[in-house]
Amino acid sequence: MNKAYSTSIESSRIAHSIGTALDRFIKNNQDEFPYASGELSQLLRDIALASKVVNREVNKAGLIDIMGGIGSTNLAGDQQQKLDVLANIRFTRALTKGGEVCALVSEESESFVDLNNHGQYVIAIDPLDGSSNIDVNVSIGTIFSIYRRKSAPGTPIRSEDILQKGSEQVAAGYILYGSSTMLVYTTGHGVHGFTHETSLGEYFLSHPDMQIPEDGKIYSVNEGLYNSFEPAMKQYLQFCKDSSYTARYIGSLVADFHRNLLKGGVYIYPATSRDARGKLRLIYECNALAYLVEQAGGKASDGRRRILDIDPESLHQRSPFYVGSKNMVEKAESFIQRTAIN
Ligand code: F6P
């Protein structure tokens with residue numbers, strides 16, 4: 001081939017590099033993983049594969065009969081949607097086949113699943129978060145946390161394996177099924193975002209070493225619940241308005257979190273008069289995002305305590321959730337804590 005032609009093509013836009021695929025990135029960074037044995041890498045690959053299947057189903061949602069509810073509610077009290085159930089099946093299958101996972105906690109199941117094997121990892125997952133947005137073509141997500149088991153492999157799973165503090169996560173992440181599909185994860189060495197390239201069917205590194213701005217102007221709260229908020233929260237919301245902040249609330253935790261991670265902002269699901277612990281679930285919603293946000297330089301608390309320090313008492317325990325840019329979370333906390341003392 002003509003060398004000059006080949007060089008000019010190589011440096012032109014049509015032959016631009018497609019970047020680093022998720023598999024290669026995981027492999028290249030495997031040594032950074034705690035207990036680098038290859039099992040955690042495989043687990044992340046299994047999650048990525050299941051997410052591609054779910055992504056395909058989410059994308060076809062309007063075309064085949066997988067929209068709508070199945071007529072029951074899940075543990076979180078949300079109407080279970082067909083896609084919730086389908087996503088749960090897809091992730092459970094992918095995670096249980098490989099043998100790396102010994103127990104699985106899911107929003108969709110009342111108790112944890114003991115897989116009765118020698119797997120070293122426990123996984124907590126919300127297979128499809130933001131289910132009220134499924135039928136209306138609005139972004140939804142998957143959230144996952146990975147822990148190392150504490151009991152000896154091959155023995156029955158104990159509560160100390162399942163009810164671990166968020167600070168004990170060895171990896172966590174989410175998949176956002178949005179205008180593009182992204183997988184964002186951390187293993188405690190920064191936060192990395194990958195975008196799904198549909199024609200190649202692969203995730204490629206698009207957002208290396210993500211950092212959340214220290215400050216921002218976006219606040220994400222369901223203000224429809226205003227009357228059920230405690231006075232301190234109402235005062236904080238007034239502060240947001242007086243500071244000319246912008247309100248952005250999708251109602252899909254992953255999507256609201258992701259936007260604030262990129263742009264700077266705070267997401268709050270506070271205590272309400274109906275539930276002093278708010279709505280969100282500590283083990284499979286808050287912990288993963290708290291780990292990610294801290295890795296990105298942000299903050300997550302329940303208004304008073306660091307989320308990652310909370311000792312869980314039960315599988316589906318709720319927690320108020322304040323997460324996002326460090327200064328914004330601290331400002332919101334200052335309102336909550338001031339009132340507690342007075
Ligand atoms: O799982 C909970 C969830 O669907 C989150 O994704 C979302 O942020 C929140 O609930 C929305 O709750 P609400 O409809 O009460 O604002």
Side-chain angles (χ1 to χ4, degrees), residues 43-44 46-47 50-51 54 73-78 80-81 83-96 101-115 119 121-134 140-149 157 159-177 183-186 251-258 267 269 275 277-294 300 302 307-321 323:
L43 199 45
L44 290 169
D46 291 343
I47 291 173
S51 77
V54 172
T73 53
N74 64 16
L75 272 295
D78 295 328
Q80 254 182 325
Q81 307 292 306
L83 265 174
D84 277 329
V85 178
L86 211 57
N88 193 40
I89 293 171
R90 293 295 184 196
F91 280 104
T92 308
R93 239 184 236 160
L95 290 166
T96 53
V101 176
C102 59
L104 194 125
V105 178
S106 163
E107 184 186 27
E108 304 303 325
S109 321
E110 186 160 359
S111 53
F112 67 86
V113 184
D114 182 345
L115 297 167
Y121 294 98
V122 171
I123 190 149
I125 189 161
D126 183 351
L128 211 53
D129 176 71
S131 13
S132 65
N133 282 324
I134 290 175
I140 44 184
T142 296
I143 306 173
F144 62 91
S145 289
I146 303 174
Y147 297 86
R148 188 95 176 152
R149 82 181 289 173
I157 296 300
S159 68
E160 72 205 48
D161 296 318
I162 301 296
L163 300 178
Q164 299 193 44
K165 280 187 196 171
S167 58
E168 295 181 277
Q169 289 169 99
V170 292
Y174 59 82
I175 295 109
L176 171 63
Y177 311 97
L183 186 153
V184 177
Y185 82 92
T186 184
S252 281
L253 176 57
V254 171
D256 280 310
F257 176 87
H258 184 74
Y267 171 100
Y269 209 112
D275 202 321
R277 284 180 157 181
K279 175 182 184 191
L280 302 181
R281 306 297 171 147
L282 178 63
I283 292 187
Y284 44 80
E285 290 181 316
C286 306
N287 273 343
L289 302 185
Y291 187 27
L292 285 157
V293 87
E294 286 197 5
D302 70 353
I307 287 288
L308 298 181
D309 285 339
I310 300 176
D311 244 325
E313 291 148 19
S314 62
L315 276 192
H316 300 283
Q317 174 175 332
R318 297 171 196 266
S319 173
F321 198 36
V323 64

When rounded to the nearest 0.5 angstrom, what distance separates CZ in Arg149 from CD in Glu160? 10.0 Å

Under 3.5 Å: donor-acceptor pair, side chain of Asp126, backbone of Ser106: no

Shortest non-hydrogen contact from Tyr147 toward Lys165: CE2-O, 3.3 Å

Contact between Ile143 and Val254 at the side-chain level, heavy atoms closer than 4.5 Å - yes or no? yes

Val105 pairs by side chain to side chain contact (heavy atoms under 4.5 Å, CB included) with which of Asp161, Ile162, Ile123, Val113? Ile162

Between CD of Gln317 and CG of Leu280, what distance do you get to the nearest 0.5 Å? 12.5 Å

Please say which of Ile146, Leu43, Thr186 ends up in a side chain to side chain contact (heavy atoms under 4.5 Å, CB included) with Val170. Ile146

Could you walk me through whether Thr142 and Tyr177 pass the side chain to side chain donor-acceptor pair (under 3.5 Å) test, one step at a time? CA-CA 8 Å; Thr142 296; Tyr177 311 97; 2.8 Å; yes

To the nearest 0.5 Å, how far apart are NZ in Lys279 and CG in Leu253? 9.5 Å

Do you know the tightest heavy-atom contact between Phe112 and Ala103? CD1-CB, 4.4 Å

Nearest atoms (heavy-atom pairs only) where Asn133 meets Ser252: ND2-OG, 2.9 Å

Any side-chain to backbone donor/acceptor pair from His316 onto Glu110? Under 3.5 Å, distance only. yes

Which heavy atom in Leu289 sits nearest to a heavy atom in Val323, and how many Å separate them? O-CG2, 4.4 Å

Measuring from Arg93:CZ to Asn88:CG, what's the distance to the nearest 0.5 Å? 11.0 Å

Note: Ala290 and Ala300 closest approach over all heavy atoms is CB-CB, 3.5 Å

Is any side-chain heavy atom of Leu115 less than 4.5 Å from a side-chain heavy atom of Val101? yes

Less than 4.0 Å between a side-chain N and a carboxylate O, is that true for Arg318 and Asp275? yes

Okay, side chain of Gln164, backbone of Arg148: is any donor-acceptor separation there less than 3.5 Å? yes

Interatomic distance, Leu83 atom CG to Leu128 atom CG [nearest 0.5 angstrom]: 6.0 Å

Could you tell me whether the side chain of Glu313 reaches within less than 4.5 Å of the side chain of Leu163, counting heavy atoms only? no

Is there a side chain to side chain contact (heavy atoms under 4.5 Å, CB included) between Cys102 and Asp114? Walk through the geometry before answering. CA-CA 6 Å; Cys102 59; Asp114 182 345; 5.7 Å; no

Is it the case that the side chain of Gln169 and the backbone of Asn287 share a donor-acceptor pair, with hydrogens and angles ignored and the cut-off at 3.5 Å? yes

Report the C-alpha separation of Phe91 and Asp46 in whole Å, then their side-chain angles, then the decisive distance to 0.1 Å, and conclude whether the side chain to side chain contact (heavy atoms under 4.5 Å, CB included) test is met. CA-CA 8 Å; Phe91 280 104; Asp46 291 343; over 6 Å; no

Criterion side chain to side chain donor-acceptor pair (under 3.5 Å) on Ser319 and Asp302, from CA distance to verdict: CA-CA 6 Å; Ser319 173; Asp302 70 353; 4.7 Å; no

Student check: side-chain heavy atoms of Leu282 and Phe321 closer than 4.5 Å: no

For the CG atom of Leu44 and the CG atom of Leu183, what is their distance to the nearest 0.5 Å? 8.0 Å

Within the distance-only criterion (no hydrogens, no angle test), does the side chain of Glu294 pair as donor or acceptor with the backbone N or O of Tyr291 below 3.5 angstrom? no

All heavy atoms of Ser145 vs all of Ala288, minimum pair found to be OG-CB, 3.4 Å

For a side chain to side chain contact (heavy atoms under 4.5 Å, CB included) check, start with the C-alpha distance between Val184 and His258, then their side-chain angles and the critical distance, and finish with the verdict. CA-CA 9 Å; Val184 177; His258 184 74; 4.3 Å; yes

Measure centre to centre between the rings of Phe144 and Tyr174, then say whether the value is under 6.0 Å. no

List in chain and number order the residues that pass salt bridge (charged side-chain N to carboxylate O under 4.0 Å, His left out) with Arg90, two or more places apart in sequence or in another chain; answer none if no residue qualifies. Glu57

Are any of the side-chain heavy atoms of Ile310 and Ile307 separated by less than 4.5 Å? yes

Show your working on side chain to side chain donor-acceptor pair (under 3.5 Å) between Tyr269 and Asp256 and close with a plain yes or no. CA-CA 11 Å; Tyr269 209 112; Asp256 280 310; over 6 Å; no

Any side-chain heavy atom of Val54 within less than 4.5 Å of one from Leu86? no

